[in-house]
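Have a look at the structure below, then the notes.
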Protein chains: 2
Amino acid sequence: MEKIQNSLRVSVEVNNVIFSFHEKSLKILLLKRADDPFAGKWELPGCYLEEEKTLEETAINILNRKAGISSAFLNQLGFFSDPDRDPRERVIGNSFIALIKYMDVGLNKEGDHLSWFAYTELPPLAFDHAAIIQIALEEMKFKLRFQPIGFELLPEDFTLTQLQRLYESVLEKPLDKRNFRKKILSLDLLEQSKDMTSEAEKRAATLYRFDKTKYVSLKEKGKKFTLY
Amino acid sequence: MEKIQNSLRVSVEVNNVIFSFHEKSLKILLLKRADDPFAGKWELPGCYLEEEKTLEETAINILNRKAGISSAFLNQLGFFSDPDRDPRERVIGNSFIALIKYMDVGLNKEGDHLSWFAYTELPPLAFDHAAIIQIALEEMKFKLRFQPIGFELLPEDFTLTQLQRLYESVLEKPLDKRNFRKKILSLDLLEQSKDMTSEAEKRAATLYRFDKTKYVSLKEKGKKFTLY
DNA sequence: TACCTTAGTGTACAAATTACCCCCTTAGCC
DNA sequence: GGCTAAGGGGGTAATTTGTACACTAAGGTA
């Protein structure tokens with residue numbers, strides 16, 4: 001079939017905003033740029049669209065190659081199309097939000113160039129990546145309240161305190177411990193793991209695990225997930 | 001500055017899912033294709049990315065040129081990148097949701113090729129546009145419950161019954177009239193217009209108007225908008 | 001004027017959210 | 001071994017929010 005006439009051809013890239021949670025704070029995984037433009041600044045892990053691959057497949061490849069992550073919860077964030085967002089030439093940016101478990105990242109790949117940053121303490125960023133991250137954060141704050149995505153950021157087995165710290169960090173407000181526990185357990189989405197925390201400091205805590213199957217079936221029955 | 005090496009250049013297009021509300025049903029504005037591929041099928045109003053324009057600006061141009069719409073509520077929906085979504089060549093699709101007032105569309109432009117369809121009775125669609133619309137509908141169902149976007153689909157002055165019909169149509173369930181009114185008025189986002197419906201059949205109804213300024217200030221104070 | 005259609009209203013009950021505090025267990029220190 | 005510091009874990013009452021439910025009012029049409 002004939003090619004399309006008069007249509008502009010431009011570069012297309014994928015940028016992943018990779019979130020995880022560690023030590024009481026939501027974190028974002030960034031890469032230090034070696035080369036110009038913006039050498040020395042930090043950027044979102046990304047690459048150009050590959051032939052015969054969808055943008056989703058490209059995003060998964062980025063996670064794999066740049067951070068050694070084999071599985072993640074991926075979600076489209078949006079596109080960024082300012083003609084000058086890349087000083088070299090026009091590049092349409094397509095962004096994903098990836099939620100991963102902190103321990104899944106091997107920080108050895110690409111040496112010191114890969115690093116986690118608390119979302120409140122971001123380094124100088126290249127291109128329009130500061131704006132992309134801003135939008136990703138708003139999206140996270142919104143979605144966390146209506147969709148059970150927080151669990152993707154924690155280890156498979158987690159304590160209720162960990163989960164509460166996560167919500168507190170993202171929503172930027174303290175939550176009442178008893179009310180939080182009552183609410184989250186009443187959602188009937190967590191099952192208790194056999195073990196308690198072992199290497200824990202102080203008193204051991206009960207470990208829970210998110211039951212995704214249960215969530216899907218409850219959702220189909222019209223049950224709503226909302227948390228503060 | 002030098003161009004980027006080894007980067008694929010592809011076509012980029014914008015497709016708008018244009019929603020409005022009329023006669024008890026959520027509607028989508030579609031265009032009948034004259035030419036191959038998919039001649040005779042219907043498509044989302046769209047065009048290719050223009051030089052020196054953002055995708056947002058391109059989306060506004062589409063609304064203007066294809067439907068004579070001068071103002072709309074625009075929101076990114078997402079991107080579609082299957083390598084075969086256009087049989088002619090690779091085209092990355094970027095979609096917006098546009099919410100407009102039904103009366104704002106001049107259906108004379110482009111003759112009979114432009115037409116509204118109830119979202120439950122869509123005609124055969126070109127490309128992957130059926131999939132795009134499906135995702136747009138899910139987005140609408142979700143957002144309508146947590147963001148005050150329904151008002152964008154109604155005339156500036158509307159009756160509470162109209163608003164209720166809109167929610168019933170999108171959420172696909174009947175709502176209790178008294179509870180709906182109580183709830184919507186308690187949100188304190190509507191102000192009464194001076195007039196009542198005049199050309200109305202039967203008993204005249206009170207007209208209301210959405211106060212966006214009030215919404216923004218209440219939102220900043222932490223007030224949440226949720227509706228069923 | 002009878003009848004049909006749409007507008008508009010209140011109350012009682014159930015469910016969800018919020019505010020609020022004390023004791024238990026363990027690790028580390030002396 | 002005893003003390004202290006740090007985190008784990010549990011319940012109740014007040015308030016707010018959601019839900020179920022039925023009649024009267026106004027206006028148009030036959």
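All heavy atoms count here, side chains included; hydrogens, waters and symmetry mates do not. Because the structure is predicted, anything quoted here is derived from the model rather than measured.
C:dA7 atom C1' lies 15 Å from atom CG of B:Leu163, rounded to whole Å. At whole-Å resolution of the value, NZ in B:Lys177 and P in D:dG18 are 20 Å apart. As a whole-Å value, the separation of A:Asp188 CG from C:dA15 P is 16 Å. Straight-line distance from the CD atom of A:Gln164 to the C1' atom of D:dG10: 14 Å, rounded to whole Å. The CG atom of B:Leu187 sits 16 Å away from the P atom of D:dT16 (whole-angstrom rounding). To the nearest angstrom, P of C:dC29 lies 9 Å from NZ of A:Lys202. Rounded to a whole Å, the CZ atom of B:Arg181 is 5 Å from the P atom of C:dG8. Going from atom OH of B:Tyr208 over to atom C1' of C:dG8 covers 9 Å, rounded to whole Å.
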> Please walk me through it: do B:Lys177 and B:Glu168 pass salt bridge (charged side-chain N to carboxylate O under 4.0 Å, His left out)?
Replying inline: CA-CA 11 Å; B:Lys177 183 163 54 155; B:Glu168 287 176 329; over 6 Å; no

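Between the side chains of B:Ser193 and B:Asp157, at least one donor N or O sits under 3.5 Å from an acceptor N or O. With 3.5 Å as the limit, one finds no donor-acceptor pair spanning the side chains of A:Glu138 and A:Gln134.
In terms of position on DNA chain D, the residue among B:Thr226 and A:Leu160 whose nearest nucleotide sits closer to the 5' end is A:Leu160.
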Sub-3.5 Å pairs of nitrogen or oxygen atoms, protein against nucleotides 1-3 of chain C:
none

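B:Ser81 places no side-chain N or O within donor-acceptor distance of the main-chain N or O of B:Ile92, the cut-off being under 3.5 Å.
In this structure, A:Ser186 reaches neither bases nor backbone, as no heavy-atom distance under 4.0 Å exists between it and the strands shown. Backbone-only contact: B:Lys183 has heavy atoms under 4.0 Å from sugar-phosphate atoms and none from a base.
Note: A:Phe210 and A:Tyr215 have tilted aromatic rings, judged against thresholds of 30 and 60 degrees for the angle between ring planes.
Between the side chain of B:Arg203 and the base of D:dG27 there is no donor-acceptor pair of N/O atoms closer than 3.5 Å. Taking only distance into account, the side chain of A:Lys182 never meets the base of D:dG10 through a donor-acceptor pair shorter than 3.5 Å.
Ring centroids of A:Phe21 and A:Tyr102 are separated by 6.0 Å or more, keeping the two rings apart.
Taking both residues in full, the closest heavy atoms of B:Phe79 and A:Asn94 are given as CD2-OD1, 3.2 Å, listed atom of the first, atom of the second, then distance.
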